[in-house]
Participant: 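Have a look at this one before I ask anything.
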Amino acid sequence: MEKVLLGMSGGVDSSAAALLLTEQGYDVTGLTLKLCKEDKEQDLTDAKAVCEKIGIKHITLDLKKEFGEKVVSPFIEDYKNGLTPNPCLECNKYIKFGIMLDFALKNGFQKIATGHYARVEREGDRFILKKATDISKDQSYVLYSLTQHQLSHLLLPLGGLSKAQIREKAEKSGLVNATRPDSQDICFVPDGDYASFIEKTDGFVSQKGDYVDINGTFLGKHEGVINYTIGQRKGLGIALGKPQFVIDKNAQTNTVILGDEEHLFKTEVLVKDVNFIPFGRLEKEMNVKAKLRYRHKESPCAISPLENGKVKIVFSDPQRAPSAGQAAVFYDGDTVVGGGKII
């Protein structure tokens, strides 16, 4: 019987994953990661209660130090540098499928598992990552950085099920969190106020600076670069007689560039730190579809290799507000080809 270490957040998805894995005959242990001081005690209580109900072991692992170094600090630095980071990507890469997998293999487990909605399949000598069958819940976007080593030790039991089926299973089994709503927040910034979090954590206060147009003409004063995101229209605190959008920002010159919505649309996007899954590296131009944000609709494009491992994306139709620091993820049908960080 294979031993599986299952990451349990306290939510219904990872709890249902525990049910499914035990039904499939795995020897499951639930693991709740302690990541930040904002962790909710209720999450840990619910995870323990589910494990007790199912009859499996539950353990915790304190990774606050590692989470701070690998996720929180880069998040803060990226924001200070004018980027728009997605910390969940770093958490998956370094914490859930990095340190957690290392811990599992060192402690006699053959596999790890999570409650992500995606699928892992083997094709020939490679492991492939695919979208969930319930596209409305698909989370393959945040898993694009998974390596062959990680995929070979990963189980994703929810990939073939819908959210409704998961909740129904949890309710029938009497799990305490069966009807609990999904969390939408970044775990360490639960109120969504990034600027205040950065100021409290790092002491950094984003200074007021200039709004300028695409020609560099002064338009007014902004409240600090980290308070704005590419594509933002509301909350600019400036009236120019017509709708204006944040089309770019420059932390070095402390300027926020405003323009018409048409200026947000780009055909070409460059990415770095690229990971490919069905093959090791991109050798020539390839036609795929790509999405530039988690909730973004994927769009046809061609990807081409550049020097230093970077990749150029050329979309068939211009895409709205590609943002440096976010991820571009490539798909061939329901297969994740790979992805990288937008620059």
Side-chain angles (χ1 to χ4, degrees), residues 75-89 135-136 138 141-142 182 184-186 189-199 204-271 289-302 312-329 339-343:
F75 172 85
I76 291 172
E77 289 306 309
D78 280 353
Y79 254 105
K80 286 162 63 174
N81 289 320
L83 305 179
T84 309
N86 183 338
C88 298
L89 300 173
I135 294 300
S136 69
D138 175 55
Y141 173 87
V142 297
D182 294 341
Q184 303 293 333
D185 305 315
I186 292 175
V189 195
D191 63 357
D193 188 346
Y194 305 141
S196 293
F197 170 79
I198 291 170
E199 183 177 346
F204 175 80
V205 179
S206 188
Q207 301 298 313
K208 290 186 177 184
D210 293 346
Y211 280 127
V212 298
D213 65 16
I214 57 173
N215 298 312
T217 305
F218 174 78
L219 298 173
K221 286 291 189 179
H222 66 69
E223 295 298 317
V225 168
I226 66 172
N227 294 291
Y228 305 93
T229 56
I230 306 299
Q232 180 178 336
R233 178 173 69 87
K234 295 181 179 178
L236 299 180
I238 185 172
L240 295 170
K242 61 179 179 177
Q244 289 288 277
F245 298 80
V246 176
I247 59 172
D248 203 357
K249 49 187 184 173
N250 188 322
Q252 281 66 48
T253 59
N254 196 25
T255 52
V256 174
I257 299 91
L258 302 181
D260 298 332
E261 188 170 21
E262 66 189 60
H263 295 129
L264 287 170
F265 287 84
K266 310 288 184 189
T267 302
E268 289 193 8
V269 176
L270 300 182
V271 292
K289 290 185 176 181
K291 58 195 299 187
L292 301 179
R293 286 176 293 281
Y294 180 49
R295 296 296 182 195
H296 186 246
K297 184 180 179 183
E298 62 192 58
S299 186
C301 61
K312 180 171 74 171
I313 312 170
V314 180
F315 286 95
S316 301
D317 298 308
Q319 301 298 298
R320 189 182 190 277
S323 302
Q326 292 282 302
V329 178
K341 292 283 183 65
I342 299 171
I343 53 179

Participant: Determine the minimum heavy-atom distance between Tyr141 and Ala327, stating which atoms define it.
Facilitator: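 The answer is OH-O, 2.7 Å.
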Participant: Report the relative orientation of the aromatic rings in His222 and Tyr211; use parallel for angles under 30°, tilted for 30 to 60°, perpendicular for over 60°.
Facilitator: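 Answer is perpendicular, since the angle exceeds 60°.
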Participant: Show the nearest heavy-atom pair for residues Asn227 and Ala195, with the distance to one decimal.
Facilitator: OD1-CB, 3.3 Å
Participant: Calculate, to the nearest 0.5 Å, the distance between atoms CD1 and OG1 belonging to Ile342 and Thr84 respectively.
Facilitator: 9.0 Å
Participant: Atom CD1 in Ile313, atom NZ in Lys289: separation rounded to 0.5 Å?
Facilitator: 15.0 Å
Participant: Determine the interplanar angle of the Tyr194 and Tyr79 rings, folded into 0 to 90°, and report it as parallel if under 30°, tilted if 30 to 60°, perpendicular if over 60°.
Facilitator: tilted
Participant: Would you confirm whether Arg293, through its side chain, and Ser323, through its main-chain N or O, come within 3.5 Å as a donor-acceptor pair?
Facilitator: no
Participant: Roughly how far, to the nearest 0.5 Å, is the OG1 atom of Thr267 from the CG atom of Asp317?
Facilitator: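 Asp317 atom CG to Thr267 atom OG1 measures 8.5 Å (nearest 0.5 Å).
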Participant: Side chains of Asp191 and Phe197, heavy atoms from C-beta outward: is any pair under 4.5 Å?
Facilitator: no
Participant: Measure the shortest side-chain to side-chain distance between Leu270 and Lys312 over non-hydrogen atoms and say whether it is less than 4.5 angstrom.
Facilitator: yes
Participant: Would you indicate whether the side-chain heavy atoms of Ile230 and Leu264 approach each other to under 4.5 Å?
Facilitator: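 With C-beta onward as the side chain, the pair touches.
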Participant: Taking side-chain contact (heavy atoms from CB on, under 4.5 Å) as the criterion, tell me which of Lys249, Lys208, Gln207, Gln252 meets it with Val225.
Facilitator: Lys249
Participant: Would you indicate whether the side-chain heavy atoms of Glu223 and Tyr228 approach each other to under 4.5 Å?
Facilitator: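 In short, these two side chains touch, coming nearer than 4.5 Å.
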Participant: Ignoring hydrogens, what is the shortest heavy-atom contact between Gly325 and Leu83? Give both atom names and the distance.
Facilitator: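 That would be CA-CB, 4.3 Å.
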Participant: Does a side-chain heavy-atom distance below 4.5 Å link Asp213 with Gln244?
Facilitator: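 Side chain of Asp213 against side chain of Gln244, heavy atoms only: no contact under 4.5 Å found.
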Participant: Nearest 0.5 Å, please: how far is CD1 in Ile257 from CG in Asn215?
Facilitator: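 One gets 11.5 Å once the value is rounded to the nearest 0.5 Å.
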Participant: His296 pairs by side chain to side chain donor-acceptor pair (under 3.5 Å) with which of Arg320, Gln319, Gln326?
Facilitator: Gln319
Participant: Quick one, Lys221 and Asp210 - any side-chain contact, counting heavy atoms below 4.5 Å?
Facilitator: yes
Participant: Distance from Ile247 atom CD1 to Asp260 atom CG, nearest 0.5 Å?
Facilitator: 8.0 Å
Participant: Grab the two heavy atoms, one from Ala290 and one from Cys301, that are nearest each other, plus how far apart they are.
Facilitator: CB-SG, 3.7 Å
Participant: Calculate, to the nearest 0.5 Å, the distance between atoms CG and CG belonging to Asp248 and Leu258 respectively.
Facilitator: 10.5 Å
Participant: Give a yes or no on whether Lys80 atom NZ has more than 12 heavy-atom contacts from other residues, nucleotides or ligands under 6.0 Å away.
Facilitator: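 It does: Lys80 NZ has more than 12 such atoms within range.
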